[in-house]
Amino acid sequence: MSSEFLHHLAIGFCMMLVLEGIIPFLYPQRWRNLVQQLSLVDNRTLRIMGLASMVLGALILYLIN
């Protein structure tokens with residue numbers, strides 16, 4: 001792997017952490033309620049949501065590159 005690729009990967013990871021942290025920082029009680037609701041969702045539904053998220057992300061990356 002090239003140094004440039006690892007640099008871009010690290011930037012992407014850092015941006016993900018920033019974006020993931022916005023909601024818990026701004027609305028901690030809402031975040032807690034959401035996590036409680038997510039704990040009630042069955043595994044199959046969570047897997048489908050995760051797959052849809054990955055496919056959408058890959059599709060958007062393909063379209064912008």
Which atom pairs, one a donor and one an acceptor, fall under 3.5 Å between side chains of residues 2-16 and the rest of the protein, sequence neighbours left out?
unit_1: Ser2; atom_1: OG; unit_2: Phe5; atom_2: N; d: 3.1

Margin query: Which heavy atom of Asp42 sits nearest to which heavy atom of Thr45, and what is that distance?
Written below: OD1-OG1, 2.7 Å
Checklist line | side-chain hydrogen bond (donor to acceptor under 3.5 Å, both in side chains) partners for Ser39, two or more places apart | finding: none
Next item on the list: State the CD1-OH distance between Ile22 and Tyr27, to the nearest 0.5 angstrom.
Entry: 10.5 Å
Margin query: Using the rule that Ile, Leu, Val, Met, Phe, Trp and Tyr join whenever any side-chain heavy atoms are under 4.5 Å apart, tell me whether Ile48 and Leu38 fall into a single cluster.
Written below: no
Next item on the list: Working to the nearest 0.5 Å, report the span between CH2 of Trp31 and CD of Glu20.
Entry: 6.0 Å
Margin query: Is there a path of hydrophobic side-chain contacts, each under 4.5 Å between heavy atoms, that joins Leu34 and Val41?
Written below: yes
Note to self: Nearest 0.5 angstrom please: Leu56 CG to Leu61 CG, how far?
What the structure shows: 10.0 Å
Notebook entry, point to check: Are Leu51 and Met54 side-chain neighbours, meaning at least one heavy-atom pair lies under 4.5 Å?
Noted result: yes
